[in-house]
Novice: 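Pasting in a structure now, in structure tokens, and then I'll have a few things to ask.
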Amino acid sequence: MDFIQELKTQTQNALTDLYTIEKVEINFEQTNPNFEGDFTFVVFPYLRYSKKKPEDTAAEIGEYLREKVKEVSNYNVVKGFLNLELSDTYWISVASEISNNGLRIPALVKNQKVVVEYSSPNTNKPLHLGHIRNNVLGYSICKILEANGYDVIKNNLVNDRGVHICKSMLAWQKWGNGETPESSGIKGDHLVGKYYVEFDKHYQKQISELVEGGTDKDLAKNEAPLMKETRQMLQQWEEGKQEVLSLWKKMNGWVYDGFDVTYNRLGVSFDKIYYVSDTYLLGKELVQEGLESGVFFQKDDGSVWVDLTSEGLDEKILQRADGTSVYMTQDIGTADLKFNDFGMDKFIYVVGNEQDYHFKVLQLVLKKLNKPYADGLYHLSYGMVDLPEGKMKSREGTVVDADELMEEVVGAAKSQTEELGKTEDMNEEELTNLYETLGIGALKYYLLKVDAKKRMMFDPNESIQLQGDTAPFIQYAYTRIASLLRAADSSDFEMPDNLNEEEKSLIVLMNNYPNAVHAAATHYNPSEIANAVYELAKAFNKFYHEHSILGAKENSTKQFRIALSKAVGETLKHGFSLLGIDMPERM
RNA sequence: GGCCUCGUAGUUCAAUGGAUAGAAUAGAAGUUUCCUAAACUUUAGAUCCAGGUUCGAUUCCUGGCGAGGCUACCA
């Protein structure tokens with residue numbers, strides 16, 4: 001890392017000495033593999049100072065650097081590209097450093113606290129594929145921020161109250177016959193989801209009956225008896241009616257038991273859980289505050305609004321005419337609650353991009369309220385997950401259930417492992433763990449290798465595939481290393497005489513890994529880790545194929561290769577830990 | 001209608017404004033007396049269209065065309 005600094009300093013010196021260029025931003029990039037060299041400096045921007053041809057300018061700087069920087073063993077010039085070649089000695093010292101001191105990720109920040117809100121489920125139905133992307137992404141971001149020096153609070157805001165839960169409750173009351181998870185053998189969240197579907201079935205029927213009777217469709221939606229009953233139930237909930245509250249507690253309990261199983265299998269966890277039932281009234285005082293200070297305004301009917309037209313948005317309601325709050329009000333209050341609880345420097349919302357507008361407004365409102373933490377808000381806006389047949393629609397039953405999906409990928413890992421027949425001596429428990437590690441790993445990797453911000457296609461058939469750019473590919477490279485280390489008697493680093501191409505590329509990739517960890521944090525994007533780790537695993541497989549490690553002729557070569565392999569293994573494992581994916585020792 | 005994303009090999013994804021646009025998968029052809037072939041090698045195949053800025057554009061700007069999202073006193 002500091003070598004690059006040194007290189008930049010010397011390059012600046014070169015520009016100053018040769019062309020009297022004052023301080024500029026110096027950038028090096030990795031040399032394109034199609035060309036000879038390690039780092040490349042592009043000289044085009046400096047031609048107007050040097051007043052020479054690109055080739056000559058690059059050559060002059062190259063000559064300067066070769067003389068001044070001992071690690072630069074040679075250079076070549078292609079058009080305006082100065083390709084610096086570094087000595088093997090330098091790369092060997094990098095390998096030695098990593099091998100002896102372990103993987104080091106320099107902290108990006110100090111004493112920075114960040115609250116990451118993710119998952120945030122509704123408690124009326126089980127989790128689906130979209131939630132999996134959210135959870136896996138949120139968890140990974142937490143790990144990545146931690147690795148960069150942040151103090152992270154993993155936070156879940158459970159939406160446990162509202163019309164949607166009342167629908168499930170009502171349907172259960174009417175048609176449940178006292179069914180419980182125990183009596184039915186159905187996982188709690190799925191059972192509650194079943195009644196949510198049941199509600200909708202009857203509700204749709206009522207609507208169409210009303211519409212046939214000549215009622216307007218929108219009106220019918222509101223006037224359907226079931227909807228009236230639901231609203232009444234919500235009303236009773238707010239009034240604290242005992243019977244409703246106890247049913248609510250019972251059914252939410254079922255859901256939490258179910259979620260725990262799903263979260264556990266998915267390997268995600270939280271440090272702090274908020275429940276909307278506790279927080280939904282928050283924010284009203286802040287709305288009043290804003291009204292008094294004049295940043296909000298009131299309409300004739302008494303509703304409170306914020307005018308964001310000067311920011312290019314429109315007017316947004318913050319409180320209904322009847323004094324009740326809306327989503328935005330609650331989020332204002334919850335942001336304040338978070339700040340009171342944690343005093344965080346940053347707070348991140350892992351929420352789908354259909355809420356881009358909402359979070360833009362939220363941040364503007366917090367700024368208008370002069371909240372000191374407003375600038376620390378970041379909406380990690382991830383794209384929707386599409387299926388090959390199109391969008392997921394719960395109404396049309398095309399949602400991919402989280403539990404079923406996990407079962408499927410683990411099952412695929414099992415059958416493929418059995419087919420290969422390499423694990424016959426493993427016991428039942430080891431095998432079960434292995435299938436989970438492979439299957440859940442494959443699923444997570446599939447979701448994380450894509451840029452978080454982009455919408456992505458989820459092909460179920462492809463997700464259970466375990467070859468190519470997949471978690472098992474990387475896990476396989478790791479188990480090869482683990483197997484080597486079991487067979488090796490020592491993994492102490494020894495200086496080799498020189499480096500072959502494959503060894504060098506492993507060192508280069510490992511040297512670059514901390515940059516990927518930084519970039520992943522800066523961009524809130526785990527896929528940068530996934531890509532880095534994949535490249536490394538691929539390079540290792542090639543190295544492994546081309547060269548004998550334990551059978552190397554020279555003992556020093558053998559020791560070097562073992563130590564190098566060990567460092568690769570540690571890097572792969574580190575990267576996977578940031579993605580929330582386990583590594584098997586055998587497969 | 002207004003606002004916001006996104007258009008890259010058959011398919012799914014990469015590419016701080018840099019060189020000859022990378023992978024994976026599907027296709028074709030190979031590699032195992034040798035540390036795990038879930039691997040490795042070779043091969044064919046792409047920047048939606050038209051302008052502009054730039055020494056240089058997949059990347060930035062404008063206009064088309066196409067896909068998606070938001071545009072609720074729902075959360």
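Below, chains carry the letters A, B, ... as their sequence lines are ordered, and counting in each starts from 1. These values consider heavy atoms only, across backbone and side chains, with no hydrogens, waters or symmetry-generated copies.
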Novice: Heavy atoms under 4.0 Å, any strand shown: does A:Arg48 hit a base, just sugar-phosphate, or nothing?
Specialist: nothing
Novice: Identify the residue among A:Asp451, A:Asn134, A:Asn353 that makes a side chain to side chain donor-acceptor pair (under 3.5 Å) with A:Tyr382.
Specialist: A:Asn134
Novice: Within the side chain of A:Glu229, is there an N or O that forms a donor-acceptor pair under 3.5 Å with the backbone of A:Ala224?
Specialist: no
Novice: Mind checking A:Leu438 for me? I need base, sugar-phosphate or nothing, with any heavy atom below 4.0 Å counting as a touch.
Specialist: base
Novice: When the C1' atoms of B:C40 and B:C35 are considered, how many whole Å apart are they?
Specialist: 15 Å
Novice: Rounded to whole angstrom, note down the C1' distance from B:U54 over to B:C61.
Specialist: 12 Å
Novice: Spell out yes or no: do the side chain of A:Asp469 and the base of B:C13 have one donor N/O and one acceptor N/O closer than 3.5 Å?
Specialist: no
Novice: Give a yes or no answer on whether the side chain of A:Trp237 reaches the backbone of A:Cys166 with a donor-acceptor pair at less than 3.5 Å.
Specialist: no
Novice: Between protein and nucleic acid, restricted to nucleotides 14-20 of chain B and to nitrogen or oxygen atoms under 3.5 Å apart, what atom pairs and distances do you find?
Specialist:
residue	atom	partner	partner atom	Å
B:A14	OP1	A:Asp451	N	2.9
B:A14	OP2	A:Lys454	NZ	3.2
B:U16	O4	A:Glu29	OE2	3.3
B:A19	N6	A:Thr40	OG1	2.8
B:A19	N6	A:Asn83	OD1	3.1
B:A19	N1	A:Asn83	OD1	3.1
B:A19	N1	A:Asn83	ND2	3.2

Novice: Which is true for A:Asn541 with a 4.0 Å heavy-atom rule: it touches a base, it touches only sugar-phosphate, or it touches nothing?
Specialist: sugar-phosphate
Novice: Within less than 4.0 Å of OP1 or OP2 of B:A72, is there a side-chain N or O belonging to A:Arg320?
Specialist: no
Novice: Specify the residue among A:Gln330 and A:Asp314 whose closest nucleotide of RNA chain B lies further upstream toward the 5′ end.
Specialist: A:Asp314
Novice: Figure out the CZ/C1' separation between A:Phe540 and B:C35, and round it to whole Å.
Specialist: 9 Å
Novice: Taking the nucleotide of RNA chain B with the nearest heavy atom to each, does A:Lys360 or A:Pro472 sit closer to the 5' end?
Specialist: A:Lys360
Novice: Less than 6.0 angstrom from the centroid, inside 45 degrees of the normal: does A:Lys338 satisfy that with respect to the ring of A:Tyr349?
Specialist: yes
Novice: Between B:U25, B:C35, B:C40, which nucleotide has the shortest distance from any of its atoms to the side chain of A:Gln465?
Specialist: B:U25
Novice: Regarding A:Glu85 and A:Asn76, is there a side-chain donor-to-acceptor distance under 3.5 Å anywhere?
Specialist: yes
Novice: If I pick the P atom on B:C6 and the same atom on B:A15, what distance separates them, to the nearest angstrom?
Specialist: 12 Å
Novice: Under the side-chain contact (heavy atoms from CB on, under 4.5 Å) test against A:Phe543, which residue among A:Arg561, A:Glu501, A:Lys538 passes?
Specialist: A:Arg561
Novice: Select base, sugar-phosphate, or nothing to describe what A:His547 touches, counting heavy atoms under 4.0 Å on all strands.
Specialist: base
Novice: Evaluate the criterion side chain to side chain donor-acceptor pair (under 3.5 Å) for residue pair A:Thr123 and A:Asp160; output intermediate values, then yes/no.
Specialist: CA-CA 5 Å; A:Thr123 58; A:Asp160 60 341; over 6 Å; no
Novice: Just the table, please: protein N/O against nucleotides 68-70 of chain B N/O, every pair under 3.5 Å.
Specialist:
residue	atom	partner	partner atom	Å
B:G68	O2'	A:Arg455	NH2	2.3
B:G69	OP1	A:Lys391	NZ	3.0

Novice: Quick one, which residues of residues 160-169 of chain A touch RNA chain B with a heavy atom under 4.0 Å?
Specialist: none
Novice: Remember a base hit wins even if backbone is also touched, and classify A:Ala321 as base, sugar-phosphate or nothing at under 4.0 Å, heavy atoms.
Specialist: base
Novice: Taking B:A39 as the reference, what is the distance to B:C34 when you measure between their C1' atoms (whole Å, please)?
Specialist: 14 Å
Novice: Name the nucleic acid region contacted by A:Tyr534, choosing base, sugar-phosphate or nothing; use a 4.0 angstrom heavy-atom cut-off, strictly under.
Specialist: sugar-phosphate
Novice: Mind jotting down which residue pairs meet the side chain to side chain donor-acceptor pair (under 3.5 Å) criterion with at least one end in residues 551-560 of chain A? Sequence neighbours excluded, please.
Specialist: A:Ser490-A:Gln559
Novice: Is A:Asn156 reaching over with its side chain to a backbone N or O of A:Ser120, donor-acceptor style, under 3.5 angstrom?
Specialist: yes
Novice: Contact class for A:Lys538 vs. all strands (heavy atom < 4.0 Å): base, sugar-phosphate, or nothing?
Specialist: sugar-phosphate
Novice: Within a radius of less than 6.0 Å around CZ of A:Arg48, do more than 12 heavy atoms belonging to other residues, nucleotides or ligands occur?
Specialist: no
Novice: Is A:Ser140 reaching over with its side chain to a backbone N or O of A:Val136, donor-acceptor style, under 3.5 angstrom?
Specialist: no
Novice: Distance check, P atoms only: B:U58 and B:G1, in whole angstrom units.
Specialist: 31 Å
Novice: Should stems be defined as at least three consecutive Watson-Crick or G-U pairs with both distances under 3.5 angstrom, which of them involve RNA chain B?
Specialist: B:1-7 with B:65-71, B:10-13 with B:22-25, B:27-31 with B:39-43, B:48-52 with B:60-64
Novice: Please report the distance, rounded to the nearest Å, between CD in A:Glu546 and C1' in B:A37.
Specialist: 15 Å
Novice: Give a yes or no answer on whether the side chain of A:Thr324 reaches the backbone of A:Arg320 with a donor-acceptor pair at less than 3.5 Å.
Specialist: no
Novice: Please tell me whether A:Tyr357 and A:Asp314 have a donor and an acceptor in their side chains that are separated by less than 3.5 angstrom.
Specialist: yes
Novice: Got a sec, which residues hit ring pair (Phe, Tyr, Trp, His ring centres under 6.0 Å) with A:Phe259, two or more places apart in sequence or on another chain?
Specialist: none
Novice: Do we get A:Lys316 above A:Trp305's six-membered ring, with its NZ or CZ under 6.0 Å from the centre and within 45° of the axis?
Specialist: no
Novice: For B:A24 and B:U59, measure between their P atoms and round to the nearest Å.
Specialist: 25 Å
